[in-house]
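Heads up: the structure comes next, in structure tokens.
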Amino acid sequence: MKIGYPCINETLPCSSATTFRLASYSEERLIQAVTNNLACLQQILEFNVQHGLLFFRMSSDLVPFGSHPVNTFNWQDYFKPTFAAIGQYIKQNNLRISMHPDQFVVLNSPTEHIVQNSFAELAYQCAIMDLMELNKSAKLQIHAGGVYGDKPNAIMRFADAVQVLPDNIRARLVVENDDRSYSLQDCLEIHERTNIPILFDNFHHECLNNGEPMAEALRLAAQTWQPEDGILMIDYSSQSPGDRKGKHIAHIQLDLFREFLTHLQDLDVDIMLEIKDKEASAVQALALLRELGYVPATEPVL
DNA sequence: GCGTGTCAAGTGAAA
DNA sequence: TTTCACTTGACACGC
């Protein structure tokens, strides 16, 4: 079991998501931003290793305009050694990595250019993991997309889109249950049609489900992962008290987290904390996991 | 320097 | 009809 947090480290004085406006695009600006972002990513990963946080979601913004037509620079070749070095660090320290293409990636959109843009974005993010020479357990997690008033057809379009993806992208793709459109059951249907694993989000499942108890839901999701995919990845969060339904909590509530862990039973998972204060909560969660024996109490070898 | 409107991109619920 | 939220704020202009 590994635990981690997404994209941003609030302790370190750097960002791995620096960008700039499309209007001010230049090759020089791009190189500057990517150089900065990768240097910061390396720092974040070192922080994570030092703190025992072995699961990390990389920012989608490592390469600004990574899938935009304006970006004709061959950043893949230019930064190949840097990506490879970071990948080496990831593998040496046994880190688990994911990325989460944003809401604009909609494989089942009825609009052709939106699907094409989505393919380009997936290709960009997959290229980063490929350049790092990470194996297929490094995943790209996306949502199923829109419903458009006809979910069965929307699911069919999603499956058709997955079929035409290049092998390297399809091998990394996982689908996450969301909090208002595609439940775990819907994702299971997508899995049956596409064979891609389901990334299980406990909080979304609490918002939208078909009555499966948490332990059962976890078991169903875990069954969709093959050995080469690695162990089940989950997103963990809980409701922000007094806020709109679906709003993520600002800081981990350890009693709720402890209760959630009881549903795992013997299941091994890697947990991504989708919690506002990032590594602060992750460090606390890790301490609890060590106390409860889910994670060895010893520090990782540096 | 600091405050703040806006930023490449989609969808659907809430206001 | 418009705004807001989404895995994540940061850029860049105007004062």
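Chain letters run A, B, ... following the sequence lines, proteins first, then strands; residues in each count from 1.
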Once you apply a heavy-atom cut-off of 4.0 Å, does [X] come out as touching a base, just sugar-phosphate, or nothing?
X	value
A/Ser118	nothing
A/Phe65	base
A/Asp102	base
A/Val147	sugar-phosphate

B/dT11, OP1 or OP2 - any side-chain N/O from A/Ser109 closer than 4.0 Å?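 Answer is yes, contact under 4.0 Å.
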Below the 4.0 Å mark, does B/dA8 have OP1 or OP2 next to a side-chain nitrogen or oxygen of A/Ser67?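 No, A/Ser67 has no side-chain N/O under 4.0 Å of OP1/OP2 on B/dA8.
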Does the side-chain ring of A/Phe104 lie flat on the base of B/dG10, meaning centres under 5.5 Å and planes less than 30 degrees apart?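 Whether judged by distance or by angle, A/Phe104 falls short somewhere, so it does not stack on the base of B/dG10.
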The side chain of [X] lies closest to which of these nucleotides: [options]?
X	options	answer
A/Cys7	C/dT7, B/dG12, C/dA12	C/dT7
A/Tyr148	B/dG12, B/dG5, C/dT8	B/dG12
A/Glu274	B/dA8, C/dA12, C/dT7	C/dT7

Hey, does the Lys NZ or Arg CZ of A/Lys2 hover above the aromatic six-ring of A/Phe56, less than 6.0 Å from the centre and inside 45° of the axis?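 Verdict for A/Phe56: no cation-pi partner in A/Lys2.
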Is A/Arg57 side chain donor-acceptor paired with the C/dT8 base, going by distance under 3.5 Å alone?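 For A/Arg57, whose side chain was compared with the base of C/dT8, there is no donor-acceptor pair (under 3.5 Å).
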When both hydrogen-bonding distances must be under 3.5 Å and the geometry is Watson-Crick or G-U wobble, what is B/dA8 paired with, if anything?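 In the structure as shown, B/dA8 has no Watson-Crick or wobble partner.
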Give me the distance, rounded to whole Å, that separates B/dT6 from C/dT2 when you measure between the P atoms they each carry.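 Result for the P pair: 16 Å, nearest Å.
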Can you tell me how far P in C/dT8 sits from the matching atom in C/dC13, rounded to whole Å?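 Approximately 27 Å lies between the P atom of C/dT8 and that of C/dC13.
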Looking at A/Asp167, A/Ile169, A/Asn168, which one forms a side-chain contact (heavy atoms from CB on, under 4.5 Å) with A/Leu165?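 Result: among A/Asp167, A/Ile169, A/Asn168, A/Ile169 is the only option passing the side-chain contact (heavy atoms from CB on, under 4.5 Å) with A/Leu165.
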May I ask you to check whether A/Tyr236 and A/Phe203 place their ring centres under 6.0 Å from each other?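 That pair fails the under 6.0 Å test.
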Donor-acceptor side-chain pairing of A/Asn210 and A/Ser183 below 3.5 angstrom: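 A/Asn210 vs A/Ser183: donor-acceptor pair found between side chains.
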Give the rounded distance in Å between these two atoms: [atom1] of [X] and [atom2] of [N].
X	N	atom1	atom2	answer
A/Glu279	C/dT8	CD	P	14 Å
A/Ile8	C/dT7	CD1	P	13 Å
A/His113	B/dA8	NE2	P	15 Å

If only atom types and distance count, is the side chain of A/Thr111 paired as donor or acceptor with the main-chain N or O of A/His113 below 3.5 Å?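 Not at all, since once roles are kept as given, no pair shorter than 3.5 Å links the two residues.
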